[in-house]
Amino acid sequence: MAESFAFNIADKLLGKATSLVVEQVCLAGGVYSELENIKATLSTVRAVLLDAEEQQVNNHQLTDWLGKLKDCFYDAEDVLDEFEYDSLQRVVVSEGGIKRKVRHFFSSSNPLAFRFKMGNKMKEIRERLDKVAADADKFNLKKMGVNVPVPVLNRKRENYSFVRASDVIGRDDDKENIIQLLMQSSDEENVSVLPLVGIGGLGKTTLAKLVYNDGRVVADFEKRMWVCVSDEFDVKRLIKEIITSATHGKCDDLPMDELARLLINVLDDNKFLLILDDVWSKNRDKWLELKALLDGSAKGSKIIVTTRDKLVASVMGTCPMYELKGLSDEECLSLFITCAFKDDRDKQYPRLVGIGKDIVKKRKGLPLAVKTLGGLLYLKAEEKDWLRVRDSEIWKLEQKKDDVLPALKLSYDELPFYLKQCFASCSLYPKDIQFNNIQLIEMWMGQGLIQPSEQNEEMKDIGNRYIDELLQKSFFQDVEEDVPGFFYCFKMHDLVHDLALLVAQPECSMLNFDSENISTKVRHVSILKIDETKEEETISRFFGKLNNVRTILFRDHDVGPKCESFVITCLLRFKYMRVLNVADLSFEELPNSICNLKHLRYLNLIDNNSIKKLPNSICKLHHLQTLHLFGCDSFEELPRDVGKMMSLRHLSVTTQQMAFPHKEREVGRRCFNSLRILIIGGCPNLESLMEGMRNFTALRTLIIAECPRLSSLPKHLPALENLIIGDCESLDLGNRNGEKEGNIQGFGSLRNLLISRLPMLEILPRWLFQVPTSNTLLYLAIGYCENFRALSEEEESLSLTSLDTLVIKGCSELLALPEGMGHLTALRQLQIERCRNLAALPEKMRRLTALTQLKIEDCPELAERCKPRRGEDWNKIAHVQDIYLDGQKIQVRKSGLDEAAAGTSGEVED
């Protein structure tokens, strides 16, 4: 079941080969004809790769061919990357003056030497690719290029609706909830659609069967139909199956118009329940075509749609989706025992039951997984068999047709090709890790998995869209949004992680330094642990087994290597490395030879408490996109030529510098022209951010934390969208001393603002509130600002009509909120926390008609005034939909007392 990803790589390679930069360099280097030949071969072979990847499951020769082809693709990508690097190097040289140009000509990278070397490489790649591609004729592969639909895999399941209720454990509450929803009447439409959503193996179909066969449902609905939709949403086929399910008759040979009339006659104003099981299609037009034929039935008719995809639910549903959760540990154990023991014999094997408890905990509530593992152990009484299952990953176990990973893989097979490799790369991280979107997008960028769009979107925006798609399809879950629209965290279910491990082999692999069986195909390595007592002697032996590594990272904190020989070995052996995580190292300086990793995109040096500087040679890494130096407490300053790192987009740094950028150095500008995210933290000496930051023209996110001597910010960052500031005790954002403020237009793109623990803050400065358009989202958090009292009268009059969310925390001296808050007409969320002296809300709160959520935490007097009905401030907030006081949601149905304040009518409910 491991994937080849050959189509993904070919598609990316073809895009690189047709880029203007590569074409220009090849033209100048005299190898343009070789490039054209490579593009032609790529286009030809790419057209048959989808068919090859589908057929390889049953053809080992085809698998070998795909492996050879993929090796050619990777080598070709390395060569084209060198052309891109050369282009960047030429830009650096052209800006360095005549002295640098002469030096460059006599170096090993001069144009004549480069032309000769790359000419030979291009010829070799072209010959290899042609030879391997010619073997495609042996396999009779079908052309399925870009304009040919990706083949839909056969996911057809058995179409039956019966299940014994006694066989189902832990779904009684869900069953009752859904039945209650089915019994509810709807005044708006005849047919309501309830989506039942969850990942594969969770028991959606089983639950739907329980509901379908319940006596109350049978009595309430005059007709019941069950149809398994599965692969393709073929309207004609579905009509036939609905009719067959309703009448138990056949209608195979009827044309579409007769089928439609027959369906209408069969339903004939009857109240019906229709189960559409296992829906994958998001084609709204086809769904509306079918629904139009069903809408003529009696009021109260219901459709339940089971799906793994929340987007399908949003397309089809008329009711809020019912998201199915996992079973509890107790329920899982009960189900497991039922499957693993015969005739209540679990009482005879208490030790096995104890091991079983550990097994089901690893399955995190998925019934299908629990049943799979229980079935594996049925009638096995040897403890060693149970321990093997407990200690093994599910992907190592024998898989049968109805086991959980094949079920989950159906969802994977449905992914667009550009998401498959992104999903597989998540296998490099440990189970139960909390991903964040920034971290994952950086990794995908480093590995070249994010495809640029034709609309010139930011890579971060494309990456966020990828994550959204995986969330919609339930590959990720448990989303926690820290900053709306910018920073959020999420997890991957253990079984989904097992699937990632399965499809990622052998390209992505988890290894120990004492691993013996290491595939030569490994390109992305996640290292589990290192034996520190043998570190020096095992590093060279371990890496001697690897040849083509592009990614090295460590699965857990504090397991990274502690010796410099690790980095030196990486530099010598893996010159095509893209991603290198050397966090927690403990030496003072990286080797000068770091410049040899000219393909490197991502370098993580976080929490190296010994490193004092970087060699200036690191500035030759013109491809580097991400550089992390956060938590490097001894780090003195960035290297002199940091401006040559023209691709740098994300920089995090802890530094001993007093000013940033360094005011005494001539620092190149191109680095800062490309920078998108800058994080500065734990800098005890930092006093100012220089006006040189005006050159950060593309900077979208600035995070500053724990800089106690920092006294001011630059006031001209025109592209800045996210500003997060905390624990800067000397920072005064306002005109505290009466001096005239700077350019208030400097933050014109600001969308998200978080401020916490700024004891100097008394008023919010005008320049933070200058919002250029009504479409801008501004997220404002104010936390632990002990002297913050209120917005000034001048600020009250400013246009804050785009403010979306306001959070005020720990402002112990805050006595009042300004009446000017009434101008925040777009405000949706207001949170006030630990402001103990805040005694009331402003009268103009009633104007905040868009406010949907109000949270008040640890503000005793204010909370008392906001209590329903009797609180003095209740009439100011009665119109708000969701109100939370000290963590408790206030459940209030609007009454006549609230009508004047809320502008609505309703019933009284105490």
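What you see is a predicted model, and the numbers here were worked out from it, not measured in a lab. Values below: every heavy atom of this structure, side chains too, minus hydrogens, waters and symmetry copies. One-based numbering along the sequence shown.
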Novice: Is any side-chain N of the basic residue among Glu457 and Arg465 closer than 4.0 Å to the acidic one's carboxylate O?
Specialist: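 Yes, this pair counts.
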
Novice: Using a strict cut-off of less than 4.0 Å between a Lys/Arg side-chain nitrogen and an Asp/Glu carboxylate oxygen, indicate whether Lys855 and Asp886 qualify as a salt bridge.
Specialist: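 Salt bridge flag = no for Asp886 with Lys855.
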
Novice: Is Lys876 salt-bridged to Glu843, going by a charged N under 4.0 Å from an acidic O?
Specialist: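 Yes, this pair counts.
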
Novice: At their closest point, which heavy atom of Ser730 faces which heavy atom of Pro708, and how far apart are they?
Specialist: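 That would be OG-O, 2.7 Å.
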
Novice: Whether the Tyr488 and Asn436 side chains hold a donor-acceptor pair (N or O, under 3.5 Å, no angle test) is what I'd like checked.
Specialist: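 Side chains of Tyr488 and Asn436: no pair found under 3.5 Å.
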
Novice: With no hydrogens and no angle check, just 3.5 Å: does a side-chain donor-acceptor pair link Ser328 and Glu331?
Specialist: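 The answer is yes; a qualifying pair exists.
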
Novice: Do NZ/NE/NH1/NH2 and the carboxylate oxygens of Lys175 and Asp214 come within less than 4.0 Å?
Specialist: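 Yes, this pair counts.
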
Novice: Check the pair Asp882, Lys889 against side chain to side chain contact (heavy atoms under 4.5 Å, CB included), reporting the backbone distance first and the verdict last.
Specialist: CA-CA 7 Å; Asp882 297 319; Lys889 185 175 182 179; 3.1 Å; yes

Novice: Within the supplied structure, the quantity of interest is the number of heavy atoms (other residues, nucleotides, ligands) at a distance under 6.0 Å from Asp173 CG; does it exceed 12?
Specialist: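 Not more than 12 within 6.0 Å, no.
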
Novice: Answer with yes or no whether the side chains of Glu833 and Gln831 bring together a donor and an acceptor at under 3.5 Å.
Specialist: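 Distance-only check passes for Gln831 and Glu833.
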
Novice: If you count every heavy atom of other residues, nucleotides or ligands that lies below 6.0 Å from Arg284 atom CZ, does the total exceed 12?
Specialist: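 For Arg284, atom CZ is not crowded (no more than 12 foreign heavy atoms under 6.0 Å).
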
Novice: Is there a donor in the side chain of Asn437 and an acceptor in the side chain of Asn464, or the other way round, less than 3.5 Å apart?
Specialist: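 Checked: Asn437/Asn464 side chains pair up, N/O donor to acceptor below 3.5 Å.
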
Novice: Under 30°, 30 to 60°, or over 60°: which ring-plane class applies to Phe435 and Phe490, parallel, tilted or perpendicular?
Specialist: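 Phe435 and Phe490: parallel rings.
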
